[in-house]
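Comments concern the structure below.
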Amino acid sequence: MTTGTPARAPRANRFHPASFEQKWRDRWEADGLYTARDDDPRPKRYILTMYPYPSGELHIGHWYAATGPDIVARLHRMRGENVMFPMGFDSFGLPAENAAIDRNIHPATWTKANIERMRAQFRSMGTMFDWSRELATSDPDYYRWTQWIFVQLFSAGLAYRAKAPVDWCPTDKVVLAREQVEGTNRHCWRCGTPVVKRDLEQWWFRITNYSDELLDFSGVDYPEPIRLMQTNWIGRSTGAEVDFPTEAPDVAPIRVFTTRPDTLFGATFMVLAPEHPLVSVLTTEDRRADVDEYVTTARRETEIERMSTERPKTGVFIGAHAINPMTKERIPIWIADYVLPGYGTGAIMAVPGHDERDFAFAQKFDLPIHYVVAPVSGEVPDGEAFLGHSGDEVLVDSGEFSGMRADQAIAAITKTLEESGEGHAAVTYRQRDWLVSRQRYWGAPIPIIYCEEHGAVPVPEDQLPVLLPEDVDFAPTGVSPLQSHADWLTAPCPTCGAPGRRETDTLDTVVDSSWYFLRYCAPRNAEHAWDPEQVAAWMPIDLYTGGAEHGVMHLLYFRFFVKALRDLGHLNFDEPTLKLRNQGQILGADHNRMSKSRGNVQAPDELVDRYGSDTVRAFLMFIGPWDQGGPWNPSGMEGIHRWLGRVWGAAQPTHRDVQRATATGSEVLGSAEELERALRRATHTTIAAVTEDYEALHFNTAIAKLMELTNAIVRAREAGQAGSQAYADAVTTLIVLLAPLTPHIAEELWERRGHPYSVHQQPWPEADPALAASDTIELPVQVDGKLRDRLVVTVDTPAEEVERMALASDHVQRYLSGRAPMRVIQIPGRLVNVVTPKG
RNA sequence: GGGCGAGUGGCGGAACGGUAGACGCGCCGGCUUUAGGAGCCGGUGUCGCAAGACGUGCGAGUUCGAAUCUCGCCUCGCCCACCA
């Protein structure tokens, strides 16, 4: 450089992300900047974002989901913590199989290609994923341990095989877990086809053993909606089980579950589910034809028809009677499909006076309705069931219990039942066991061999993994494709060596993802599913982020896995993650969920090519609260790009900027000293605010504050401050604060300003409260709560002085119109409110 | 039907019960530039020339003071849905 710096922003130094972003990513990768080390003595921090299904392309939603935790991970790293932020792929599953069938390639080939592509896309984001820990659940080195866990659960009785009516998707030709059936019309979560019920022998995990513990969220920080979803899903109800004897000799009484033992005197009939085992026993000969017909019809009906609330009640009398244990009345026994076989005992005592469903049934079939609970004051409503949950009800027509408060009667009647042996307090859950077997090819084979003599025998550990054979015709037929592979199918019984047959169902992918966070702790360990030392060092996860749509599936299952494996002695903690946060969902521009079929998918790549990855990251984090998401709308991307361009220019003031006289703005803006102080104040308030916002995952407001600091720096430059120390410090701070959000430009500017590599290894700055404080403040002055004036005072102005100044204000005087104020309220440093006399 | 959440400028959105609309987009005006772009300065809730008045889905209430708290209603979103 000789003389005469050209006009500002010479062409050669325009902000051009493409010229440096890739360079830095390569260097970070080569230096292993993000590799989490097991021997690092600094405090650990495990930050995890849910791994994707390798569908083929990252869409903008993946970027949105990953950038948030990446910022937090980078922040903690700069704070001197040993951060693990891994990534992998949930690579088993139906879409791979379906896509492979469509394209006539093997699912493994399709999956592998997609992972390559998506890994490259993830890398282009500049996220600090530790790729040395990458895993894929379809890798034998991974599913070997998924199978090992299955064997542990099986040996402990937590995995079992049982025949039950299950939801079947006729399109995908596979059973579904209850959680995978969605909506009022009971459709398959994947393809939308209404499901049908089938009686099938399936594998289950005994998650209901843990229902109570799963309801306990103490010690973990989960979003309230997720806690509610899980709590409702588990659906714990307390009440009593009551035995109703029948008149049939040598037949066990009918046991029912009720949450309202206080209404026992009002039970005027009983209803059994059509599937109830006592139906065939109790039905009288004259009623048998009608009953059989009803049972057959009910079995044929789909879940949809059966569960519909709108539907009028149906049912038939089976000819038998039971005895109400309280009133000793003979009450008729009916069957009806509104009583579900899987909940409670599959039988109810019907109390039409106090249950809407029973009331509707009683009305339709002209059965007696007895009210046995009444409001303390007022009448029992006529023509409807009286639900009365206000706590202000008493029992009536209930023998010795009449006059007792209803809430007390629950305990009293339960006690009486226990004393007479006719019942006892009981708890029931809506949650069922977890159905894990699938009749498809692309999943982990269930490691079981069936022996004629020994039944279901687990494959010994040293024979794992049970490899998925590659040469299989995997077109869906409704039975597992593995059944057609004769060589694979036969295996000797591990117990006796006699010829046996392998289990041909595979595990649902949700099983794979119930433990992947453990594998990240020691992903290459060939001896164990995880190294106990490393798991103890890294777990539990400190921050787990992902979509709320996993609320009652993955997020319940992974908690179950940790608790079960703890009880089997493999883990020594209770919860997989201490803190869970859900990001919002980025919808298509048409406000619909992004999907290839709708054609509303936004690919990130073209945006990255045009603006650079920093701009895309910052834009995504700026569009709104991170937990909210919203429809895709790229207007505003230019604004973010412009902002980073301004950062670029402000961080590299030209010779002319530095030479520019401070005098330029002095008369308007104040002395050079005042300007410097203002810039320092802006710098330090920004440090405090941005740190707080990053930690709280409030990225949009963090960016707003970073923009404000940028604006202050630009104003300082225009006012001739570019050569000052305050200016240099402000720019340095801005670059460091930007590093988690926009890692490339931060690194590039860091180098250009002559600092040693790397900005990402800088300590996080601390705000100096003394420098952040201002010596004058502007106080709003209200009259009766309405803003009327503003006072500029020094921070140490005494309250009496502030009050005097406020009352002296012309604006205040006008509203007082000569009267003395009734009160003056001061919130020190915040405002003054003058209250006028009434009238 | 039940539970939860949300309704703020033209738009995305800010706002410990204390100056509503931060920050950005868009738009308007100006400076700079050979031009384009970029950059810089200013303006931008509504009505009003102004003083001022009115403004956070609607209606009440609590409070010196309410977008924020309470109650009722409307709209939208999510979860559950004949669970005894």
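Nothing here was measured: the structure is a model prediction, and the numbers come from that model. We use all heavy atoms of the structure for the numbers below, so side chains are in, but hydrogens, waters and symmetry mates are not.
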Quiz item: Quick one: does NZ or CZ of R178(A) land under 6.0 Å from the six-membered ring centre of W233(A), within 45 degrees of the ring axis?
Solution: yes
Practice problem: Look at all strands and tell whether L228(A) reaches a base, only sugar-phosphate, or nothing, counting heavy atoms closer than 4.0 Å. | Solution: sugar-phosphate
Exercise. Could you please name the partner base of U68(B), counting Watson-Crick and G-U wobble pairs only when both distances are under 3.5 Å?
Key: none
Exercise. Measure from the side chain of M707(A), starting at C-beta and using heavy atoms only, and say which of U19(B), C23(B), C64(B) lies closest.
Key: C23(B)
Quiz item: Watson-Crick or G-U wobble partner for G17(B), using a 3.5 Å limit on both distances?
Solution: none
Practice problem: Under 4.0 Å between any heavy atoms, over every strand shown, what does L831(A) touch: base, sugar-phosphate, or nothing? Just pick one. | Solution: base
Quiz item: Using a cut-off of 4.0 Å on non-hydrogen atoms, how would the nucleic acid contact of G235(A) be classed: base, sugar-phosphate, or nothing?
Solution: nothing
Quiz item: With both distances under 3.5 Å as the test, what is the Watson-Crick or G-U wobble partner of G42(B)?
Solution: C28(B)
Quiz item: Atom CD of E718(A) to atom P of C31(B): distance rounded to whole Å?
Solution: 17 Å
Quiz item: Below 4.0 angstrom from OP1 or OP2 of U32(B), is there any side-chain N or O of R656(A)?
Solution: no
Self-check item: Sugar-phosphate only, base, or nothing, as touched by S237(A) at under 4.0 Å among non-hydrogen atoms
Solution: sugar-phosphate
Exercise. Check if the side chain of K705(A) and the base of C23(B) share a donor-acceptor pair of N or O atoms closer than 3.5 Å.
Key: no
Quiz item: Rounded to the Å, how far apart are N633(A) CG and C11(B) P?
Solution: 12 Å
Quiz item: Are F15(A) and H641(A) an aromatic pair by the rule of ring centers under 6.0 Å?
Solution: yes
Quiz item: Of the residues in residues 690-698 of chain A, which ones touch RNA chain B at a heavy-atom distance under 4.0 Å?
Solution: none
Quiz item: Considering Watson-Crick and G-U wobble pairs with both distances under 3.5 Å, what does G77(B) pair with?
Solution: C4(B)
Self-check item: Short side-chain donor-acceptor distance under 3.5 Å, D789(A) and S809(A)
Solution: yes
Practice problem: Could you tell me whether E708(A) contacts a base, only the sugar-phosphate backbone, or nothing, with contacts defined as non-hydrogen atoms closer than 4.0 Å? | Solution: sugar-phosphate
Exercise. Apply the test side chain to side chain donor-acceptor pair (under 3.5 Å) to residues D657(A) and Y727(A): give CA-CA distance (whole Å), side-chain angles for both, the deciding distance (0.1 Å), then the verdict.
Key: CA-CA 12 Å; D657(A) 288 330; Y727(A) 188 92; over 6 Å; no
Self-check item: Side-chain donor-acceptor pair present, S211(A), Q431(A), cut-off under 3.5 Å
Solution: yes
Quiz item: For the pair made of CH2 in W233(A) and P in G3(B), what is the distance, rounded to whole Å?
Solution: 19 Å
Quiz item: Expressed in angstrom and rounded to an integer, what is the separation of I703(A) atom CD1 from A22(B) atom P?
Solution: 17 Å
Exercise. Could you tell me whether R788(A) contacts a base, only the sugar-phosphate backbone, or nothing, with contacts defined as non-hydrogen atoms closer than 4.0 Å?
Key: sugar-phosphate
Practice problem: Identify, between R430(A) and Q628(A), the residue whose nearest nucleotide on RNA chain B lies closer to the 5' end. | Solution: Q628(A)
Quiz item: Are F269(A) and F361(A) close enough that their ring centers fall under 6.0 Å?
Solution: yes
Practice problem: Validate the cation-pi geometry between R788(A) and Y815(A): distance from NZ or CZ to the six-membered ring centre under 6.0 Å, angle to the ring axis within 45°. | Solution: yes
Quiz item: Is R227(A) touching bases, backbone alone, or none of the nucleic acid, heavy atoms closer than 4.0 Å?
Solution: nothing
Quiz item: Of the candidate nucleotides C41(B), G65(B), C23(B), which contains the atom at the shortest distance from the side chain of N833(A)?
Solution: G65(B)
Exercise. Looking at every strand, decide which applies to R790(A) at a 4.0 Å heavy-atom threshold: base, sugar-phosphate, or nothing.
Key: base
Exercise. Classify the nucleic acid contact of E224(A) as base, sugar-phosphate or nothing, counting any heavy atom under 4.0 Å across all strands shown.
Key: nothing
Practice problem: Look at all strands and tell whether D358(A) reaches a base, only sugar-phosphate, or nothing, counting heavy atoms closer than 4.0 Å. | Solution: nothing
Quiz item: Which part of the nucleic acid does Y815(A) contact within heavy-atom distance under 4.0 Å: base, sugar-phosphate only, or nothing?
Solution: sugar-phosphate
Quiz item: Can you tell me how far P in C4(B) sits from the matching atom in C71(B), rounded to whole Å?
Solution: 11 Å
Quiz prompt | Nearest-angstrom distance, C1' atom, G65(B) to G3(B) | solution = 34 Å
Quiz item: In terms of base orientation, is G39(B) syn or anti, with the syn window spanning 90° either side of 0?
Solution: anti
Quiz item: In whole Å, what separates the C1' atom of A38(B) from that of G48(B)?
Solution: 39 Å
Exercise. Supply the atom-to-atom distance H370(A) NE2 to T268(A) OG1, rounded to the nearest 0.5 angstrom.
Key: 6.5 Å
Self-check item: Nearest-angstrom distance, P atom, C25(B) to C74(B)
Solution: 40 Å
